[in-house]
Structure formats: structure tokens, C-alpha cells
Amino acid sequence: MMLPQAPLQPLNLHWLAAAGIDVAILRLDLIDPVISGNKWFKLTHHLAAAKNAGAQGVISLGGAHSNHLHALAAAGKRFGFPTVGLLRGHPVQTPTVLDLEAFGMPLHWLGYAGYRARHEPGFWQPWRERYPQLYPIPEGGGGLDGALGCADIVSQAHAQLADLGWDDFDGWWLACGTGTTLAGLVLAEARQRKVYGAMAVPGDHGVAENVTDIVGPDASAGYELLDASRGGFAKIDAQLLDFIAMAENESGVPLEPLYTGKALLALRQAVEAGRISQGSRLIFVHTGGLQGLRSRCAMAGC
Ligand SMILES: *Cc1c(COP(=O)(O)O)cnc(C)c1O
């Protein structure tokens, strides 16, 4: 599957200019109107593995706002393979869920306890029996296959450096949920450039373990994880919303408060704390997620 090219653009923000730091933003949110963000990159190797296994389609899991299931269902509809979604909790009609149904993805609601059982050894057995022709993809499109698909993020950026007038750059900055995308960048960079991961979940949520599982313990010099969660996943506060509104207005780049907004605010804090040296060039990865904004925004009142 050919991935569309994500544009690499200058990110114009006064606090970056004031600190003498150049940031370009790689717009994964623009690769496609519906299959948006890092989730398409994370899916490519899983879909290839499904094909190699002789599967006709794929089955995966997520919540009622899941960017992963959204990208998966959209890809299934676009490329003509069946998808099935296993959903956390009880039936609810979010904009994401309505899209999943419109994309033709049958949904099974597992409840909360049923969803928590997803890591138990026997979890997939009944689903394999019910859908023997479908290949299971882990939550969020994670694992080594998920990370390997993200190597394309690195090559897409490198291919556009000259257009920016850059001969090279110093590092990457991106939002982390599971850390799979970060792991893919670390593998592709092979320690040539540092990868900063702004965690959208608190530090005890297993991100570091997930990254180590994928990249190995020796790669730890190639990346750094920071807690950007502001007290918890999907916790939204007024300072964050103000920051996002200002940054969107100044840069013209749309953000959402769960991942990209928190990651950019964490970058500002790192810049103000003097942690990024003057003259540095960074690439901020816009990981997408704007589809999830529709109902969250209604909930948060933004
Ligand atoms: C899923 C997601 C992430 C996190 O990706 P991981 O590979 O799980 O770290 C970041 N940003 C957005 C917008 C996402 O949808």
C-alpha cells in the first residue's frame, strides 16, 4: 500500500523564534481526508502481515473515539477488505462510532471488564473461531509491526529537508500514547538524531516498557520520554485550551487537546526551561487525531 506524502512545513511560533529554535512540522494529519495521522503508517506492516497470512480482512480493538479503529475502518472501505471492531464499554453513538458503522465495520461491544481481558491468553480464541478469515491487529496498531510502518515517517521527512532549505536537523518531537510511533522513529534513526516523546499518558502507563520491548534496552540513548499528560490521559485544562487556541491562530495548524496540543505545550515548556539549545532544528510530528475532536470538544466545551 502506497502511503501519501505528509507535507513538511515551517512551524511559525513567536516563542520558537525568540529562542532561536527552528521547528518544521510534518503534517500526518494531511495525508488523507479520512485515513489520517500516524495510524495509517502504523497499519501498513500489519496489513502486509495479514495478507501474507492469507487473511481476507482484519479485526482490532479500541474505544468509542479510537483514531486507530477509525483509520482501520476507513482503509477497509477504501481498499475493499472487511474489518471488525471490538469496542471498549457499552454501545454509544459517538461521531467516531457513526463513522465506523458508515465505513461498514461491524462492532462488538465488550463492556469494560470484557475489554480489560484483552491481554489474557484466551482472549482471541472465540473471535478467531467466529472470524477465522480475519487477522487480529493489537490495540492502537501497536507492536513491532506497528513501529516498522513508522519508518516511512522518517524517510518522508528526510525527502523534504531540502525544500525547507535544511541540510540536516537535530531531533524529533512527537506525542506518545503507547510509544509505538516513537519506537519506529528510534529504529529508523538508529541513534543519528534524538527522538523526544511527549507522553499523553502519565509515566506509569507502560510507555517506557513498550518502547524498550520494541527497540531493545541498548537504544535508550536515542530517545527521551517526558510526561506531557497534565494529570492524565484526556485531562483537559483551561491553560491547555488557551495555548492551543493561540498556537492554532498563530501557526494556522489545527491541533487537538489529547495528543498534539499537549505535545506542543510540552515543547514550549522545554524551550522555556532552556532544555533545547539555541540554533537547534527539530521536526514536530503532527500525528493527526483531529477526527476524535468532534465529540471530545463537545464534552470539554471548546
Ligand atoms: C494514537 C495517537 C498517538 C499515539 O501514538 P502511539 O504510537 O500509540 O504512541 C499520538 N497522536 C495521535 C493523534 C494519535 O491518534
Side-chain angles (χ1 to χ4, degrees), residues 6 25-32 34-46 60-75 88 94-96 99 137-154 172-188 195-203 205-215 223-229 233-234 236 240 244 253-267 283-297:
I25 182 164
L26 186 65
R27 301 285 304 272
L28 307 190
D29 58 313
L30 292 179
I31 58 174
D32 189 89
V34 281
I35 318 179
S36 160
N38 62 334
K39 299 303 185 288
W40 193 354
F41 290 84
K42 291 173 78 175
L43 279 174
T44 52
H45 280 240
H46 285 299
S60 193
L61 336 88
H65 305 282
S66 170
N67 293 326
H68 161 64
L69 287 183
H70 196 265
L72 185 60
R88 179 197 295 121
T94 64
T96 306
D99 278 355
I137 294 182
E139 192 177 37
L144 179 60
D145 274 335
L148 290 174
C150 296
D152 276 341
I153 295 174
V154 174
W172 295 86
W173 193 280
L174 79 159
C176 291
T178 61
T180 307
T181 305
L182 171 130
L185 301 195
V186 171
L187 288 175
V195 187
Y196 292 95
M199 293 188 289
V201 296
H205 277 225
V207 179
E209 291 80 359
N210 183 47
V211 174
T212 314
D213 282 350
I214 297 172
V215 303
Y223 65 93
E224 188 175 328
L225 294 169
L226 321 89
D227 187 341
S229 70
F233 180 64
I236 294 169
L240 173 69
I244 288 173
V253 176
L255 301 166
E256 45 67 55
L258 271 55
Y259 292 105
T260 50
K262 284 186 178 177
L264 190 62
L265 180 48
L267 175 59
I283 293 183
F284 181 97
V285 183
H286 192 310
T287 40
L290 298 169
Q291 73 82 23
L293 196 59
R294 295 170 296 179
S295 61
R296 287 195 184 104
C297 223

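One-based numbering, in listed order, for ligands and for the atoms of each.
- Applying the side chain to side chain contact (heavy atoms under 4.5 Å, CB included) test between K42 and each of T180, T287, L72 identifies T180 as the sole match.
- P95 meets the side chain to side chain contact (heavy atoms under 4.5 Å, CB included) test with R294, S295; sequence neighbours excluded.
- In terms of N/O distances under 3.5 Å, ligand 1 is not approached by G288.
- Geometrically, ligand 1 and Y259 share no nitrogen or oxygen pair separated by less than 3.5 Å.
- Of all the heavy atoms of K39, the ones lying under 4.0 Å from any atom of ligand 1 belong exclusively to the side chain.
- The protein heavy atom nearest to atom 11 (N) of ligand 1 is T287 OG1, 2.7 Å.
- Neither the backbone nor the side chain of L258 comes within 4.0 Å of ligand 1, counting heavy atoms alone.
- Annotation for ligand 1: atoms under 4.0 Å from non-hydrogen atoms of C176 are 9 (O).
- The closest donor-acceptor contact from the side chain of H46 to the backbone of G142 lies under 3.5 Å.
- Distances from atom 3 (C) of ligand 1 to the heavy atoms of N38, V285, L255 put N38 nearest.
- Contact analysis leaves G37 out of contact with ligand 1, as no non-hydrogen atom separation drops below 4.0 angstrom.
- With sequence neighbours excluded, the residues that form a side chain to side chain donor-acceptor pair (under 3.5 Å) with S229 are D227.
- Against a heavy-atom cut-off of under 4.0 Å, G177 is close to the following atoms of ligand 1: 4 (C), 5 (O), 6 (P), 8 (O), 9 (O).
- Considering only heavy atoms from C-beta on, P254 comes within 4.5 Å of R27 through its side chain.
- The closest donor-acceptor contact from the side chain of E256 to the backbone of T260 lies under 3.5 Å.
- Counting heavy atoms from C-beta on, the side chains of L293 and P257 come closer than 4.5 Å.
- For K42, the closest heavy-atom approach to ligand 1 falls below 4.0 Å.
- Closest non-hydrogen pair, L226 versus Y196, comes out as CD1-CB, 4.3 Å.
- Scanning all protein heavy atoms for the shortest distance to atom 8 (O) of ligand 1 gives T178 OG1, 2.6 Å.
- Contacts between T181 and ligand 1, counted as non-hydrogen atom pairs separated by less than 4.0 Å, involve both the backbone and the side chain.
- The OG1 atom of T44 sits 8.5 Å away from atom CG of L148, with the distance rounded to the nearest 0.5 Å.
- Ligand 1 places these atoms under 4.0 Å from at least one heavy atom of G289: 13 (C).
- Considering only heavy atoms from C-beta on, L290 stays 4.5 Å or farther from S36 through its side chain.
- Taking every non-hydrogen atom of G179 and a distance limit under 4.0 Å, the qualifying atoms of ligand 1 come out as 6 (P), 8 (O), 9 (O).
- Atoms of ligand 1 found under 4.0 Å from any heavy atom of N67 (numbered from 1 in listed order, with element): 14 (C), 15 (O).
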